Amino acid sequence: MLSVGLITFNEELRLGRTLSAIKDLADEIVIVDSFSSDKTVEIAKSFGAKVYQIPWPGYGEQKNNVIERCTKEWVLLIDADEVVTPELAKEIKEAMEHGDNYVYEIPFNSVCFGKRIRFGGWSGSSRVRLFKRLCGHYSFDAVHEQFLTSEDIGKLTHRIDHYTYEDIYDYLHKFNRYTTEGATVALGKNKSAGFFNIVINPIFKFLRMYIFRLGFLDGVEGLALSIFSSLYTSVKYLKLREMKKQK
């Protein structure tokens, strides 16, 4: 009845935790891996997952690759750093059996640096994660992909725990890739890489997260996330500036 699908690349540190949480919920586990060089595939197969390896085409297309390989009526599509809580697993079963919708958003908690983050705009968002297999697909955007459907979208109440960053090392390890992806998207949209986006915009982002969205209430972790997020914006546009020069 339920296929749980994931896309992976070098997720050996997180994948076991994620799959342990859904092993009793899933009728099948489908993973599309982008040729991981660590033990990701080995861990996936230890949970009985069907593993397919496909070169990385971008987030939207790779998620569609997962959906195409699922065989059950319902699909729960999650990331390797997202953990389904027992309360959410129960609610998912109820929605599939007795719910009024074919597509559902699920709200998120963010866990960063070992702490649940409640402020700064990091928690409370919802994303489509549960749907009937034939009721939609993802846009082909390389990043910031959207689930496209003509169905009404319901919303579950229990949350996924999103282990966004395990520690500072994990953040910085992802930082270079994410800023490059963001700059590439900005280049495609012909965005400006001037003084405002490199200097002023990051300052506003820090103030918005740390002060106006109460990030300071999350303590040192809230401060770190506000600083890193503003730096992310600056570096993304600096990379965009370099790309424009090269082009």
Side-chain angles (χ1 to χ4, degrees), residues 3-19 22 26 28-71 75-83 108 110 125 127-131 133 136-149 160 162-167 169-191 228-229 232-233 235-240 242-244 246-247:
S3 300
V4 176
L6 300 89
I7 59 175
T8 59
F9 178 71
N10 289 348
E11 298 288 359
E12 66 177 6
L13 297 180
R14 305 170 182 82
L15 189 58
R17 175 179 60 199
T18 297
L19 296 183
I22 55 89
E28 72 171 355
I29 301 172
V30 177
I31 291 178
V32 172
D33 180 75
S34 303
F35 293 94
S36 293
S37 58
D38 62 4
K39 295 181 179 180
T40 294
V41 172
E42 180 182 332
I43 293 169
K45 289 183 177 179
S46 73
F47 282 88
K50 301 175 182 177
V51 180
Y52 304 88
Q53 291 192 300
I54 300 176
W56 180 249
Y59 286 97
E61 190 169 347
Q62 197 75 321
K63 287 184 176 181
N64 287 330
N65 286 331
V66 176
I67 296 170
E68 289 173 6
R69 286 158 177 79
C70 292
T71 65
V75 175
L76 174 67
L77 194 60
I78 58 176
D79 291 339
D81 56 2
E82 297 173 357
V83 176
F108 278 67
S110 286
S125 64
R127 303 164 203 170
V128 171
R129 283 291 189 265
L130 178 68
F131 47 90
R133 181 168 50 86
H137 64 278
Y138 281 88
S139 62
F140 289 96
D141 299 301
V143 296
H144 305 307
E145 70 286 353
Q146 300 291 321
F147 188 80
L148 306 177
T149 181
I160 285 178
H162 181 201
Y163 287 79
T164 315
Y165 302 109
E166 302 289 340
D167 49 31
Y169 175 86
D170 184 41
Y171 185 96
L172 296 177
H173 180 70
K174 295 176 179 176
F175 184 86
N176 188 48
R177 188 183 78 186
Y178 289 170
T179 50
T180 298
E181 290 174 349
T184 302
V185 171
L187 180 66
K189 295 180 178 179
N190 198 29
K191 288 193 174 182
F228 288 151
S229 295
Y232 169 92
T233 301
V235 171
K236 180 181 75 174
Y237 283 105
L238 283 168
K239 287 186 175 183
L240 173 61
E242 288 185 344
M243 290 178 181
K244 284 177 175 287
Q246 293 168 359
K247 187 176 180 181

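Just the heavy atoms: all of them, side chains too, but no hydrogens, waters or symmetry mates, feed the values below. Not measured: the values here are computed from a predicted model. Numbers here are sequence positions counted from 1.
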Shortest non-hydrogen contact between [X] and [Y], atoms and distance:
| X | Y | answer |
| --- | --- | --- |
| Lys50 | Thr71 | NZ-OG1, 4.3 Å |
| Asp38 | Glu11 | OD2-N, 3.4 Å |
| Ala44 | Val51 | CB-CG2, 3.8 Å |
| Ser36 | Phe9 | OG-CA, 3.2 Å |
| Arg69 | Glu28 | O-OE2, 4.4 Å |
| Leu15 | Thr8 | CD1-CG2, 4.3 Å |

With rounding to the nearest 0.5 angstrom, report the [atom1] to [atom2] distance, [X] to [Y].
| X | Y | atom1 | atom2 | answer |
| --- | --- | --- | --- | --- |
| His137 | Glu68 | NE2 | CD | 10.5 Å |
| Ile43 | Leu19 | CD1 | CG | 8.5 Å |
| Leu6 | Ile29 | CG | CD1 | 8.0 Å |
| Met243 | Tyr237 | CE | OH | 12.5 Å |
| Glu82 | Ile22 | CD | CD1 | 12.0 Å |
| Thr184 | Lys236 | OG1 | NZ | 11.0 Å |

Is it true that, when you exclude [X] itself, more than 12 heavy atoms of the residues, nucleotides or ligands shown sit nearer than 6.0 Å to its [atom1]?
| X | atom1 | answer |
| --- | --- | --- |
| Gln53 | CD | yes |
| Lys39 | NZ | no |
| Lys174 | NZ | yes |

Check whether any side-chain heavy atom of [X] lies under 4.5 Å from a side-chain heavy atom of [Y], and answer yes or no.
| X | Y | answer |
| --- | --- | --- |
| Leu77 | Cys70 | no |
| Lys239 | Leu187 | no |
| Ile78 | His162 | no |
| Ile7 | Ser34 | no |
| Ile67 | Tyr138 | yes |
| Tyr52 | Val30 | yes |
| Tyr165 | Phe175 | no |
| Leu240 | Lys191 | yes |

**Request:** Give the intermediate values and the outcome of ring-ring contact (aromatic ring centres under 6.0 Å, His included) for residues Tyr232 and Tyr178.
**Result:** CA-CA 9 Å; Tyr232 169 92; Tyr178 289 170; 7.5 Å; no

**Prompt:** Does a donor on one side chain and an acceptor on the other come within less than 3.5 Å for Ser139 and Gln146?
**Reply:**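 Distance-only check fails for Ser139 and Gln146.
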
**Asked** Sub-3.5 Å donor-acceptor pair from the side chain of Thr18 to the main-chain atoms of Ala80, do we have one?
**Response**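 Answer holds: yes.
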
**Message:** Checking the side chain of Gln62 only, and the main-chain atoms of Ile54 only, is there a donor and an acceptor separated by less than 3.5 Å?
**Reply:**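 Here the side-chain-to-backbone pair exists.
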
**Evaluation steps, side-chain contact (heavy atoms from CB on, under 4.5 Å), between Asp167 and His173** = CA-CA 10 Å; Asp167 49 31; His173 180 70; over 6 Å; no

**Asked** Which residues satisfy the salt bridge (charged side-chain N to carboxylate O under 4.0 Å, His left out) test with Asp81, sequence neighbours excluded?
**Response**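 Once residues adjacent in sequence are excluded, Asp81 has no partner under the salt bridge (charged side-chain N to carboxylate O under 4.0 Å, His left out) criterion.
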
**Within 45° cone and under 6.0 Å: Arg14 NZ/CZ vs Tyr163 ring** =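 No.
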
**Item:** Within the 6.0 Å centroid threshold, strictly below: Phe131 and Phe147
**Value:**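 Yes: the rings meet the under 6.0 Å criterion.
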
